[in-house]
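One structure is given below, encoded as structure tokens.
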Protein chains: 2
Amino acid sequence: MTIQYCTDMARRHLTPQDWSTAALRAMARGGVAAVSVNALAGELEATRGSFYWHFKDRDALLTAALEVWERDDTTALIAALGDITDPRQRLAALFTIALGQEDINGLEPAIVAHADHPAVAPVLRRVTERRIAYLTDLYTELGLDTAAARRQAVAAYAAFLGWLELRRSACDIVPEVAATGTIATVALEHLIAELTPCAMHQAEPE
Amino acid sequence: MTIQYCTDMARRHLTPQDWSTAALRAMARGGVAAVSVNALAGELEATRGSFYWHFKDRDALLTAALEVWERDDTTALIAALGDITDPRQRLAALFTIALGQEDINGLEPAIVAHADHPAVAPVLRRVTERRIAYLTDLYTELGLDTAAARRQAVAAYAAFLGWLELRRSACDIVPEVAATGTIATVALEHLIAELTPCAMHQAEPE
DNA sequence: GACATGCCGTACACCCCTGTATGGAATGAC
DNA sequence: GTCATTCCATACAGGGGTGTACGGCATGTC
């Protein structure tokens with residue numbers, strides 16, 4: 001019985017990035033417990049021997065994957081908005097990008113659901129602090145005082161999280177949450193227009 | 001070596017309700033995977049023999065626990081609001097109760113995170129439909145037309161879910177999300193006053 | 001062409017969880 | 001007191017996941 005190794009084509013080597021993104025996909029589906037080396041190896045058409053070459057542990061994969069999430073969905077996103085000068089356009093672009101290019105559906109709810117996990121807690125804390133601080137600065141730039149900007153940032157971020165959660169749990173029941181095109185308009189209506197009317201007009205000359 | 005059975009006091013028998021609530025607590029901490037018969041037996045100071053007397057399967061426990069969640073946090077909650085005639089007071093009481101008496105912290109995010117699980121999907125679908133339908137009716141009673149009421153219901157429910165998620169993930173970073181006293185005021189400001197200003201005044205005579 | 005090294009497949013031991021079978025303690029009926 | 005029933009503890013087999021040891025196939029170097 002001959003074992004066939006690479007029948008299809010030149011099998012390219014797996015990178016730690018491949019394992020990390022596969023781990024994030026698995027986490028979005030079934031939580032932290034779904035990130036099993038066995039399942040990921042099957043999905044990547046490899047074996048666990050490949051995994052333990054790139055990573056020391058399963059915990060090392062978890063932290064690496066969550067750092068990828070932190071880098072892509074928070075650090076890089078904020079950095080991409082740096083060149084937009086108008087704060088209103090920056091706010092609009094922020095939620096448009098965050099809601100529009102959601103790469104892995106259900107990842108954020110899965111991460112938040114395991115907030116107590118030792119591999120999740122520090123990254124989630126950094127991400128939440130960074131995002132709320134950025135939103136607070138943005139609302140301050142829009143003319144709100146410190147307390148009001150903070151409140152708006154918390155409310156907007158909660159609405160954002162709930163929007164993602166609703167998209168994950170009931171994209172068939174609530175179809176308006178699924179279409180990428182309407183997300184921009186609906187989200188901007190609810191997050192910008194409606195979450196800031198009480199203090200917006202005295203800051204807006206128009 | 002004598003085995004001591006009931007040293008402390010008359011050990012009352014465990015009910016399926018005990019197992020269900022313990023399952024919900026475990027699910028809130030570590031997701032569906034944390035609902036293990038072993039762990040729950042240790043928490044309840046019993047053995048798996050007791051469990052398999054009350055339940056056929058682990059899946060039977062999951063569905064029973066989720067039905068308890070559906071009954072307590074949706075059916076009973078809506079039923080408790082039936083005697084409030086004023087829709088504005090009913091809306092205020094709804095979010096006050098839903099946000100105030102959150103019995104198990106982090107349960108809703110955990111359930112939503114496993115929306116694809118076969119034991120979760122049907123219950124979550126029923127709960128989401130029921131809640132959004134109730135909110136839609138409530139906003140309709142408040143004077144909104146069908147489309148607007150539906151949009152407000154979806155937005156308010158998303159904000160509610162995100163508020164719970166933020167409370168779970170960052171109650172230390174965002175302290176305003178934890179205090180039960182301020183929840184009522186903040187939630188009512190953001191959910192009633194701010195989510196319905198565009199169409200509220202023409203329905204409100206005052 | 002010998003040799004080192006990067007990358008991966010395989011096999012083994014170990015642990016945790018599930019489900020079932022079986023026995024035993026406690027309680028009430030009579 | 002006997003007996004049946006309820007409820008629970010214990011023991012066992014089976015499966016799946018982890019981590020490690022080891023062996024093998026490549027590719028590049030000299």
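Protein chains get the first letters and strands the later ones, always in sequence-line order, with residue 1 at the start of each. Values reported hereafter were calculated over all heavy atoms of this structure, with side chains retained and with hydrogens, waters and symmetry mates removed.
The OH atom of A/Y52 sits 14 Å away from the C1' atom of C/dC12 (whole-angstrom rounding). Regarding B/L44, its CG atom lies at a distance of 15 Å from the C1' atom of D/dA9, rounded to whole Å. Following rounding to the nearest Å, A/E45 (CD) and C/dC8 (P) show an atom-to-atom distance of 13 Å. As a whole-Å value, the separation of A/R48 CZ from C/dC8 P is 15 Å. As rounded to whole Å, 14 Å separates atom P of C/dC17 from atom CZ of B/F51. Here the C1' atom of nucleotide D/dT6 and the CG atom of B/L14 are 13 Å apart, to the nearest Å.
In this structure the side chain of B/I104 never reaches within 4.5 angstrom of the side chain of B/M27, judged on heavy atoms. Looking at A/R48 and A/L40, their side chains never come closer than 4.5 Å, going by heavy atoms from C-beta outward. The side-chain heavy atoms of B/Y139 and B/R150, taken from C-beta on, include no pair separated by under 4.5 Å.
Sorted by residue number, the members of residues 54-67 of chain B with any non-hydrogen atom under 4.0 Å from DNA chain D read B/H54.
Between the side chains of A/T140 and A/D137, not a single donor N or O lies within less than 3.5 Å of an accepting N or O.
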- Task: Would you check, one step at a time, whether the test side-chain hydrogen bond (donor to acceptor under 3.5 Å, both in side chains) holds for A/R58 with A/Y52?
- Result: CA-CA 9 Å; A/R58 178 177 172 271; A/Y52 284 101; over 6 Å; no
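Residue B/W53 places none of its side-chain N or O atoms closer than 4.0 Å to OP1 or OP2 of D/dC8. Residue A/N38 places at least one side-chain N or O under 4.0 Å from the OP1 or OP2 atom of D/dG17.
Legend: residues meeting side chain to side chain donor-acceptor pair (under 3.5 Å) with A/D116, ordered by chain and number and at least two apart, are B/R168.
How far NE2 of A/H54 is from CG of A/L14: 6.0 Å, rounded to the nearest 0.5 Å. With rounding to the nearest 0.5 Å, the separation of NE2 in B/H114 from CG in B/L66 is 11.0 Å.
Here the rule is side chain to side chain contact (heavy atoms under 4.5 Å, CB included) with B/H117, and of B/V123, B/L62, B/L124, B/I111 only B/L62 fits it.
Nearest to the side chain of B/H13, among D/dG17, D/dC8, C/dT18, sits D/dC8.
Note on the helix from C/dG1-D/dC30 to C/dC30-D/dG1: angle between the axes of the first and last five pairs equals 10°, rounded to 10 degrees.
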